[in-house]
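Single-structure report; data block below.
Scope of the values below: all heavy atoms of this structure, side chains included, with no hydrogens, waters or symmetry mates. A, B, ... follow the sequence lines: proteins, then strands. Residue 1 opens every chain. The structure presented is a predicted model; accordingly, all values stated were derived computationally and were not measured.
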Amino acid sequence: MNVLHFVTSFFTDGAHWSGYDGIPTRLLEHLTYSLEALGLAALIGLPVGLVTGHYGKGGNALTLLATAARALPTFGLLVLIVMVAGFGMLPVMIPLVVLAVPPILVTTYEAMRSVEPSPVDAARGMGMRESDILLRVELPVALPLILGGLRSAAIQIISTATIAAYVSLGGLGRYIVDGLYQHNYEKVVGGATLVAALALATLAVFWAAARAAVSPGVRQT
Amino acid sequence: MSGLDSPGNGLNPTVPPVESGRKSQTRRVFGVLIRIDSVTKRYPDGTVAVDRLSLDIPDGSITVLVGPSGCGKTTTLRMINRMVEPSEGTILIDGVDSRQQPVNTLRRSMGYVIQNAGLFQHRTVVDNIATVPRMLGWSKDKSRARARELMERVGLDASFAKRYPYQLSGGQQQRVGVARALAADPPVLLMDEPFSAVDPVVRKGLQDELLRIQEELGKTIVFVTHDIDEAVKLGTMVAVLRTGGRLAQFAPPAELLSDPADEFVEDFLGADRGIRRLSFFSSAGLELLTAPIVAIDATAEQLAARGATEAPYLLVTGLDGRPLGWSEPGGLTAGQIDAGQLLPYGRPFTAGQDSLRAALDCAVLSPTGWAVAVDAEGRAAGVVSQAAIGEAIRGAHAHAHAAGPEAAQKATTR
Amino acid sequence: MNRFFDIPSDLQHSWLGLIGLHLREALLPVLGGLLLALPLAQLCVRLRWLYPPVLWVTTVLYAIPSLAFFVVLIDYTGQTELTVMIPLTVYSLVVLVPAIVDGVRSVPQETLAAATAMGFGPVRRYVQVQLPIAVPAIIAGLRVATVSSISLVSVGMLIGNQGALGNLLHDAQIYNRPELAWNSVLTTAALAVLVDALLVGVRVLLTPWMPSGSGATRTRKEATAR
């Protein structure tokens with residue numbers, strides 16, 4: 001009940017709805033960090049996962065790389081980079097990208113490997129170019145799983161982007177970190193609720209994207 | 001069964017007494033479309049999949065590669081469209097080395113059908129079929145129109161056009177696979193065990209359909225199977241390969257059955273090749289007796305006259321001429337013939353169209369030992385005894401033997 | 001190098017002590033998560049309709065930032081290790097439940113039918129047939145959950161130095177000693193890699209029937225060989 005009370009008082013406080021520390025501003029900041037990190041991670045993870053998955057080579061190296069990236073502690077990385085390189089966007093982006101690349105990379109690779117070999121064989125036998133086989137035969141079938149990897153990366157980023165506040169940047173983490181130092185639990189709970197809501201919205205967006213982009217012929221349970 | 005027994009489905013009306021229907025086309029001189037010239041495929045680990053194989057695949061007919069697993073039949077097929085590159089030797093397509101043109105151009109000029117159809121599950125049936133035309137730069141509308149035309153050709157209802165592969169049965173998927181391979185009208189069709197994954201009834205339908213399509217379009221088809229019955233049914237020429245990728249025999253199916261090159265081929269053909277070979281002899285030469293046939297409304301005089309024939313039984317037919325059943329001559333009373341009291345007549349064969357195998361089968365199945373021949377409309381055309389069929393078989397064998405050496409020479413290329 | 005392992009006395013632990021603490025704080029939650037996930041997953045396998053809502057709930061819980069989770073818990077469990085371990089337990093569910101469900105579902109129907117036909121009861125069948133066959137999938141899930149748990153413990157530093165190796169980060173900042181931050185990050189990463197390798201070893205020991213190396217690649221190659 002305590003928590004619920006905090007939530008209502010946080011959201012009914014008019015002061016939380018405007019200004020540079022208002023919910024819209026913080027939400028937008030949080031979204032911006034998250035999208036940037038997800039975009040960067042996808043830019044790295046997707047092509048590498050697609051190509052290695054298509055050729056079926058380098059799977060072990062990929063797993064090793066993903067394990068190493070997963071092993072790096074996100075929060076420690078943030079503090080370390082701040083100490084070495086100073087404040088800015090970089091200390092936030094690097095840990096978030098390191099966090100998001102493994103799920104994207106590994107799921108994309110495995111999604112491509114899970115495509116049945118017979119349509120690929122048929123496509124090759126029909127004289128389809130390798131790039132077309134990858135993009136038009138394998139990718140559409142692997143898409144649901146790939147979207148799943150992106151979704152899980154997105155959720156992790158949204159949850160973790162709160163660390164930006166620890167290094168004096170904005171985002172929804174502002175409420176949590178400030179709340180912690182000001183012993184204002186209402187703020188902490190309000191911020192956490194917003195992050196969870198954003199995650200929920202992200203799930204919905206990915207669900208809709210899957211509905212729109214995945215062919216009805218590709219049935220995924 | 002009738003499909004197996006009448007490979008030509010009577011499409012060739014001037015059936016010679018010895019060989020029926022389509023098989024007689026081996027007598028026609030075909031051009032050679034694909035020449036496989038002492039080709040070897042050796043993998044890096046040293047295994048030899050295909051060993052100095054030479055084959056001339058004739059134009060406009062079905063050549064079947066058959067053999068046990070590990071005989072290199074699929075590898076051979078895949079070397080034709082360069083899915084596998086030969087280690088040694090050359091493959092000539094229409095006299096030109098297959099390595100002369102870009103690999104994808106080569107592949108687009110050949111249809112390719114594989115075991116589980118390999119359909120693109122994210123594309124509808126029309127879009128699956130339209131794949132190669134689209135790759136060749138046809139417009140969307142033209143490709144789809146062509147796809148719909150092909151759906152009809154392979155016996156798929158137009159209502160399937162917008163469905164996805166998961167909504168089709170295995171047999172329907174395979175029809176789409178064949179249509180997709182035919183879409184750009186390639187002269188060559190490569191088929192790798194296309195019907196192995198469907199049940200026997202559907203498989204028979206697909207085989208008949210393939211024969212029909214081949215008759216209509218005259219494609220050069222190279223067909224891989226491990227099923228010798230399928231090879232014998234479909235092949236104009238059959239290449240039997242042995243483990244290790246060597247050619248054991250290359251001959252028309254009838255010759256394969258009558259003169260297996262060695263023990264391996266004989267074993268591979270199975271125990272009843274003598275019976276199966278009868279598929280290639282037409283029943284047209286059988287002498288059919290019409291005397292033992294009476295209509296259900298026969299008068300007492302007609303019954304009395306029929307009683308004196310050489311057959312120990314009379315075949316009663318309905319008013320439409322279709323057979324009803326057998327009866328002993330004494331057991332019939334004019335005007336009171338009860339169809340329910342008659343002995344079953346088994347399965348009739350279509351005179352002239354079915355093979356001697358079908359005729360013999362009918363006689364064996366009939367409780368009286370006599371086979372019933374019907375015409376194309378199903379009316380009783382006559383009856384024939386097991387003894388008479390045996391006589392015809394001996395005659396056909398003698399005839400085939402006389403024509404044999406010359407026929408064998410024509411068929412075996414090297 | 002000396003300064004690298006020179007741990008400030010306010011942390012009240014040696015380097016090895018911090019490692020032990022870190023492992024405890026990271027591994028106990030995964031163990032707890034596994035104990036929770038096993039029955040929950042079995043329930044999801046039995047009642048298909050339950051699986052999607054369970055997935056959504058675990059995902060949303062997972063999305064709650066660890067720091068906020070810690071802060072809320074302080075009211076109940078104080079600034080203790082338990083406050084760090086409870087959220088980590090909850091987080092591990094988002095990985096473990098689907099891993100176990102997929103693993104158990106991947107057991108072929110024929111295998112189950114064969115087991116039933118041989119007279120296995122539902123419990124015996126679960127323990128002796130389904131679970132062993134699901135081991136590779138479960139361990140794959142455990143690997144991800146463990147590595148992520150080891151990484152997350154560090155955040156505990158923010159609630160009164162409950163972050164084990166993460167506490168080095170705090171001292172690195174107040175004493176301006178970057179090498180302590182390096183120590184924290186590298187030691188944590190090394191721990192994660194080590195535990196991950198250990199789990200792979202456990203998988204190999206538990207599943208002697210699995211071919212080593214990537215099985216998928218091999219079957220695919222074989223399929224296209226002829």
Is [X] close to chain A through its backbone or its side chain, or both, or neither, when contacts mean heavy atoms under 4.5 Å?
{"X": "C:Leu158", "result": "both"}
{"X": "C:Ser154", "result": "both"}
{"X": "C:Tyr62", "result": "both"}
{"X": "C:Ile150", "result": "neither"}

What residue, out of [options], has the most heavy-atom pairs lying under 4.5 Å from chain A?
{"options": "C:Val193, C:Ile74, C:Asp196", "value": "C:Asp196"}
{"options": "C:Leu168, C:Leu191, C:Thr188", "value": "C:Thr188"}
{"options": "C:Ala192, C:Ala181, C:Ala189", "value": "C:Ala189"}

Select, from A:Ile155, A:Ile158, A:Leu198, the one with the greatest count of heavy-atom pairs under 4.5 Å involving chain C.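 Most heavy-atom pairs within the cutoff with chain C belong to A:Ile155.
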Chain C interface, residue from A:Gly76, A:Ser118, A:Ala196 that has the most non-hydrogen pairs under 4.5 Å: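 It is A:Gly76.
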Does A:Glu110 pair with A:Arg113 as a salt bridge, N-O distance under 4.0 Å?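 Salt bridge flag = no for A:Arg113 with A:Glu110.
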Below 4.5 Å from any heavy atom of chain C, which atoms of [X] appear? Answer side chain, backbone, both or neither.
{"X": "A:Thr160", "value": "neither"}
{"X": "A:Tyr166", "value": "side chain"}
{"X": "A:Leu80", "value": "both"}
{"X": "A:Val188", "value": "both"}
{"X": "A:Ser152", "value": "neither"}

Would you find a donor on one side and an acceptor on the other, under 3.5 Å apart, between the side chain of [X] and the backbone of [Y]?
{"X": "C:Tyr51", "Y": "C:Arg46", "answer": "no"}
{"X": "A:Ser159", "Y": "A:Gln156", "answer": "no"}
{"X": "C:Ser106", "Y": "C:Gly103", "answer": "yes"}
{"X": "C:His22", "Y": "C:Leu165", "answer": "yes"}
{"X": "C:Arg177", "Y": "C:Ala172", "answer": "no"}
{"X": "C:Tyr91", "Y": "C:Leu61", "answer": "no"}

A:Tyr55 side chain near A:Leu50 side chain, heavy-atom distance below 4.5 Å: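 When only atoms from C-beta onward are counted, A:Leu50 and A:Tyr55 do not touch, as no gap falls below 4.5 Å.
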At their closest point, which heavy atom of A:His54 faces which heavy atom of A:Leu134, and how far apart are they?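 What the structure gives for the nearest pair is CB-CD1, 3.8 Å.
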